[in-house]
Student: 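Can you read through this structure? Questions will come right after.
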Number of protein chains: 2
Amino acid sequence: MAISEAEAVVMDVLWREAPRSAEEILAEVGPAQNWQEGTVKSLLNRLLRKKAVHAEREGRRYLYTPLLKREQYVQQESKGLLDRLFGGRVAPLVAHFSEQRKLSKKDIAELRKLLKELDDEQP
Amino acid sequence: MAISEAEAVVMDVLWREAPRSAEEILAEVGPAQNWQEGTVKSLLNRLLRKKAVHAEREGRRYLYTPLLKREQYVQQESKGLLDRLFGGRVAPLVAHFSEQRKLSKKDIAELRKLLKELDDEQP
DNA sequence: CGCCATCATTTACGCGTGTAAACATCATTC
DNA sequence: GAATGATGTTTACACGCGTAAATGATGGCG
């Protein structure tokens with residue numbers, strides 16, 4: 001089963017640093033999200049059930065470690081969107097952002113560099 | 001309220017051609033999706049409630065037309081993903097697909113063309 | 001040892017979703 | 001004009017999600 005958006009917020013904390021306790025996660029995510037302790041605990045339990053995190057007892061509490069890798073998650077999510085909206089092809093997606101004027105100078109520079117590298121690697 | 005994935009499938013049919021009757025929509029989407037008539041009707045009603053489509057009586061049935069434009073929907077969806085996963089920047093997204101070897105020759109060619117055009121337009 | 005503070009686990013609840021059956025409406029045919 | 005068939009509308013139901021309160025377990029303190 002796919003992990004939900006709220007769950008992904010918790011994963012994000014763990015991807016930045018792990019292992020972490022529920023309390024630490026709450027501290028990092030509570031203010032921005034306005035979540036209470038119970039909320040975070042529930043999300044952690046659902047993530048456990050989905051085998052997206054692993055919990056290891058440390059004294060009185062548990063420390064949580066991500067099992068699902070960020071790269072995997074990003075992969076699934078972006079492939080889903082790409083397939084649903086752009087026929088699975090990257091260029092139309094970029095074209096979309098381009099039309100939308102959502103390409104920053106920095107983006108353009110980086111894209112150029114990226115293409116150059118692809119060139120070099122495959123002459 | 002945002003439109004759901006199943007609802008988007010119905011919208012897709014309407015974006016390809018509109019107006020259309022429920023029956024026509026079912027004919028196009030039923031086989032692939034394994035949906036029954038009631039399902040499509042419900043989705044249409046929810047889309048009506050969300051003001052994503054408009055219905056106009058034509059004799060005994062209704063003809064549905066999209067109100068939400070495909071471009072708007074694509075915009076929302078892709079901005080959401082971009083913000084959530086790539087800090088709102090396009091280049092990292094493309095880099096991600098590049099690492100994943102998801103860039104086809106065609107993609108690369110098109111991206112190159114796109115960058116060239118951006119160049120020309122803003123000398 | 002018994003109680004309090006900490007954690008975690010369970011249970012709850014309203015809401016959207018996917019899916020569809022039940023019901024209502026209305027035009028067409030006998 | 002009543003029965004039939006085609007459409008649309010209402011209602012239903014299980015499930016995941018966001019959010020949190022209630023309950024349970026456990027280790028430390030007096």
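Letters go in sequence order (proteins before strands), and every chain restarts at 1. Values in this document were obtained by computation on a predicted structure and should not be read as measured data.
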Student: Just checking A:Glu71: does its CD atom have more than 12 heavy atoms from other residues, nucleotides or ligands closer to it than 6.0 angstrom?
Tutor: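 Enclosed: over 12 neighbouring heavy atoms sit under 6.0 Å from CD of A:Glu71.
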Student: At 10 degrees resolution, what angle do the end axes of the helix from C:dC1-D:dG30 to C:dC30-D:dG1 form when each is taken over five base pairs?
Tutor: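 What I find for the helix from C:dC1-D:dG30 to C:dC30-D:dG1 is an axis angle of 40°.
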Student: Hey, where on DNA chain D does chain B first and last touch, going 5' to 3'? Cut-off is any atom under 4.0 Å from a heavy atom.
Tutor: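 Counting from the 5' end, contacts occupy D:dT7 to D:dA12.
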Student: For a 4.5 angstrom cut-off between non-hydrogen side-chain atoms, does A:Gln75 reach B:Lys102?
Tutor: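 The answer is yes, as the side chains (C-beta and beyond) meet within the 4.5 Å cut-off.
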Student: Go through the structure and list residues passing ring-ring contact (aromatic ring centres under 6.0 Å, His included) with B:Phe86, not counting sequence neighbours.
Tutor: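 B:His96.
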Student: Flag the pair B:Leu44 / B:Val40 as yes when at least one side-chain heavy-atom distance between them is below 4.5 Å, and no otherwise.
Tutor: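 Yes, side chains in contact.
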Student: Restricting to side-chain contact (heavy atoms from CB on, under 4.5 Å), what partner residues turn up for A:Asp12, sequence neighbours left out?
Tutor: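 Result, side-chain contact (heavy atoms from CB on, under 4.5 Å) vs A:Asp12: A:Trp15, A:Arg16, A:Arg70.
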Student: Who pairs with B:Arg57 by side-chain hydrogen bond (donor to acceptor under 3.5 Å, both in side chains), at least two apart in sequence or on another chain?
Tutor: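 With neighbours one apart ignored, the set is B:Tyr62.
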Student: Apply side-chain hydrogen bond (donor to acceptor under 3.5 Å, both in side chains) to A:Lys41 and list each qualifying residue two or more places apart in sequence or on a separate chain.
Tutor: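 Expected list: A:Glu37.
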Student: Tell me whether B:Ser78 contacts the main-chain N or O of B:Val74 through its side chain, where contact means a donor paired with an acceptor under 3.5 Å.
Tutor: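 Present.
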Student: By side-chain hydrogen bond (donor to acceptor under 3.5 Å, both in side chains), which residues pair with A:Asp83, not counting sequence neighbours?
Tutor: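 If we apply the side-chain hydrogen bond (donor to acceptor under 3.5 Å, both in side chains) test to A:Asp83, skipping adjacent residues, the hits are A:Lys79.
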Student: Once salt bridge (charged side-chain N to carboxylate O under 4.0 Å, His left out) is applied, do any residues pair with A:Arg20, and if so which ones, sequence neighbours excluded?
Tutor: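 Checked A:Arg20 against salt bridge (charged side-chain N to carboxylate O under 4.0 Å, His left out); matches are A:Glu28.
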Student: B:Leu67: which residues meet the side-chain contact (heavy atoms from CB on, under 4.5 Å) condition with it, sequence neighbours left out?
Tutor: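 By the side-chain contact (heavy atoms from CB on, under 4.5 Å) rule, B:Leu67 matches B:His54.
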Student: Reading nucleotides 16-30 of chain C from the 5' end, what letters show protein touch, with B for base, S for backbone sugar-phosphate only, - for no heavy atom under 4.0 Å?
Tutor: SBBBB----------
Student: Just to be sure I understand the geometry, which residues of residues 15-25 of chain B put a non-hydrogen atom under 4.0 Å away from DNA chain D?
Tutor: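 Going residue by residue through residues 15-25 of chain B, the ones with a heavy atom under 4.0 Å of DNA chain D turn out to be B:Ala22, B:Glu23.
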Student: With A:Ser42, which residues qualify under side-chain contact (heavy atoms from CB on, under 4.5 Å), at least two apart?
Tutor: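 For A:Ser42, no residue satisfies side-chain contact (heavy atoms from CB on, under 4.5 Å) once neighbours in sequence are set aside.
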